Number of protein chains: 2
Amino acid sequence: MSDATILKKIDRQKSEMSEAERKVASFILNNAHLVPNMTTKDLSEKAGASEATVIRFCKTIGIGSYKSFKLMLVKELSNTSIDVNDFSLLQSKDSPYELFNKVTHVNRGALEAAVSALDRRELDKAIDVFLEADSILFYGVGGSGAAAADGHYKFAKLGFRTTMTPDFHFMLSVAAHLKKGDVFVGISTSGKTKDVLELARFAQVRGATVIAITNVGKSPLYKEADIVLGTPMVEHENRIGSIASKMVQMNMIDALYVAVFHRIGLSLEEPCKKAGETADRLKR
Amino acid sequence: MSDATILKKIDRQKSEMSEAERKVASFILNNAHLVPNMTTKDLSEKAGASEATVIRFCKTIGIGSYKSFKLMLVKELSNTSIDVNDFSLLQSKDSPYELFNKVTHVNRGALEAAVSALDRRELDKAIDVFLEADSILFYGVGGSGAAAADGHYKFAKLGFRTTMTPDFHFMLSVAAHLKKGDVFVGISTSGKTKDVLELARFAQVRGATVIAITNVGKSPLYKEADIVLGTPMVEHENRIGSIASKMVQMNMIDALYVAVFHRIGLSLEEPCKKAGETADRLKR
DNA sequence: GGATTAAATGAAATAAAGTTTCTTTTCCGC
DNA sequence: GCGGAAAAGAAACTTTATTTCATTTAATCC
């Protein structure tokens, strides 16, 4: 049932693409099975565009690199892949259980796509920055607030000085004290949320490093941040809002946490163990 | 286990390979899902062999190039399911990117397992109860706080009277006003968290329906709740704490939200649409 | 038992592919 | 027509895959 997720997406987005990108899209739609064995050069020649356009095309459809795009395409063509955009959700007379399965399916698909959206070098940079950070601000509102709060929680557990509240004005006050070496993590699916953007800019002016967790592609936050941790573009039923994007954001926070933990882990073990005994006793 | 043709082939040929190639084979067999995102360099380092050996390995198993090998592997892997307990996480010299992949993989696996942990009748019951609920309390602490907060947020969006704060004493005060027909949603992975258990019991005494989102199995919460939405037991690196359990909890909240939305959806559309215009304008 | 050859391996060189940057072009609003 | 923004390609650059070559290891034969 769920064949052709990326292809579908390409078809849908095609009309909004620039001319050169649309040429690439057309070729792919007509010759999908050939693409996994083609290089950017091949594809650019066949489509009648430049190699750079091929790369741009990938970002436009929300995938981090041409390589990732090929991987996803192969998965899809081998035809059991998950349809991230399979939001036929709210349609018919679905039972709760069926809905549960669909939701789970969509969330799984989003995580699958998450790997393709991330640039490993950006991640490396992010971890380095975290390790040097004196204090960290997480900020996200609405659906992205959950990920921000989770980041706050997790990094606090690691011993960082970290702050997060959904209150814009409060955050503004805190951000005013940011300095070089500090980190501001802005989380926004679309990258267009005004509050997040403004705070990010402010943090940047103050000299802090801005890390964005946002969709690959035409996200303003994507362009302005110092370091971008890309999330895949997941279509959403506009009546529900995107439920899957929260998953990939949380997943990113998990990864940041694990990676940072991994690097400072040893030095943490002792104090943690000692605290652990007391903590266990206090835990209710 | 699914019939993995290349992997099987590798396993079969392994005994006849040279030492270095066998190392490569072993790594691939143990970490197949990571390989498509690895370069020859990555793989050679992880396997403890040279890049040249990786290429030779591909030829040995009868595949012309490393790239082709990866393509075939992806095709094959897209048909196999994930091992939830594959927590080879935090192994020595993992790069952030590798950790990201592993984390993502584990989270995906957890979601995959989530389907089998849930009893559909319990879910049906839960939805019915929500639809009749006068007010809803969500409660979870620590890692489970995120899911509780998300439930709070989502059901508020649906127009429910809902409350959630991690403050036990505050919740106690609120729970004192619960009555028959109200709902208390307790979230705890282990089901042993004292605060959650006590609050759940209190809510039950007050006549509210207690819904638990907790691990299937030896969870006290599981036994005492009126309705249990089971989550799968996911092994966790005890040094990290379970990161995946949060995912399945959130997924459950998503499903509840979508299912409830689905049932009351039509009646909501009008007010939502009207509010939507104003809301869009206000959104920053 | 030492010389000889073949197989196995990794280091380094090379080739190919992917990505970024910079410049040019095109188009739009003034 | 001019200034600025968006789009596109050419070229520079980086990364990745592959080949070549030198070294090691182990077995084989006088």
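Numbers restart at 1 for each chain; the letters A, B, ... are given by sequence-line order, proteins then strands. These numbers come from a predicted model, not from an experiment. Every heavy atom of this structure was used, including side-chain atoms; hydrogens, water molecules and symmetry mates were not.
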Whole angstroms only, please: what is the [atom1]-[atom2] distance between [X] and [N]?
{"X": "K70(A)", "N": "dA16(C)", "atom1": "NZ", "atom2": "C1'", "value": "12 Å"}
{"X": "L71(A)", "N": "dG18(C)", "atom1": "CG", "atom2": "P", "value": "11 Å"}
{"X": "R121(A)", "N": "dG18(C)", "atom1": "CZ", "atom2": "P", "value": "14 Å"}
{"X": "D124(A)", "N": "dT15(D)", "atom1": "CG", "atom2": "P", "value": "11 Å"}
{"X": "E19(A)", "N": "dT25(C)", "atom1": "CD", "atom2": "P", "value": "17 Å"}
{"X": "E51(B)", "N": "dA13(C)", "atom1": "CD", "atom2": "C1'", "value": "12 Å"}
{"X": "K41(A)", "N": "dA10(D)", "atom1": "NZ", "atom2": "C1'", "value": "13 Å"}
{"X": "I55(B)", "N": "dA12(C)", "atom1": "CD1", "atom2": "C1'", "value": "15 Å"}

Could you tell me whether [X] and [Y] have a side-chain N and a carboxylate O separated by less than 4.0 Å?
{"X": "D182(A)", "Y": "R161(A)", "value": "no"}
{"X": "E122(A)", "Y": "K125(A)", "value": "yes"}
{"X": "D150(A)", "Y": "K154(A)", "value": "yes"}
{"X": "E21(A)", "Y": "R56(A)", "value": "no"}

Contact under 4.0 Å: [X] side-chain N or O vs [N] OP1/OP2:
{"X": "R56(B)", "N": "dT20(D)", "result": "no"}
{"X": "S50(B)", "N": "dG10(C)", "result": "yes"}
{"X": "T40(A)", "N": "dG18(C)", "result": "yes"}
{"X": "T53(B)", "N": "dG10(C)", "result": "yes"}

Margin query: Can you tell me which nucleotide in dA11(C), dA17(D), dT20(C) comes closest to the side chain of A52(B)?
Written below: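 Of dA11(C), dA17(D), dT20(C), dA11(C) is nearest to the side chain of A52(B).
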Check: Between dA8(D), dT9(C), dT16(D), which nucleotide gets closest to the side-chain atoms of A20(A)?
Finding: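 For A20(A), the side-chain atoms sit closest to dA8(D).
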Check: Of all of residues 57-67 of chain B, which get a heavy atom below 4.0 angstrom from DNA chain D, listed by number?
Finding: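 K59(B), S65(B), Y66(B), in order of number.
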Check: Stepwise, does the ring pair (Phe, Tyr, Trp, His ring centres under 6.0 Å) test hold for F184(A) with F138(A)?
Finding: CA-CA 6 Å; F184(A) 174 88; F138(A) 288 92; 9.1 Å; no
Check: How long is the gap from CZ on F261(A) to CD1 on I243(B), to the nearest 0.5 Å?
Finding: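 So the gap between those two atoms works out to 11.5 Å.
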Check: Is there a donor-acceptor pair under 3.5 Å between the side chain of R120(A) and the backbone N or O of Y97(B)?
Finding: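 Flag not set: sc R120(A) to bb Y97(B) has no pair under 3.5 Å.
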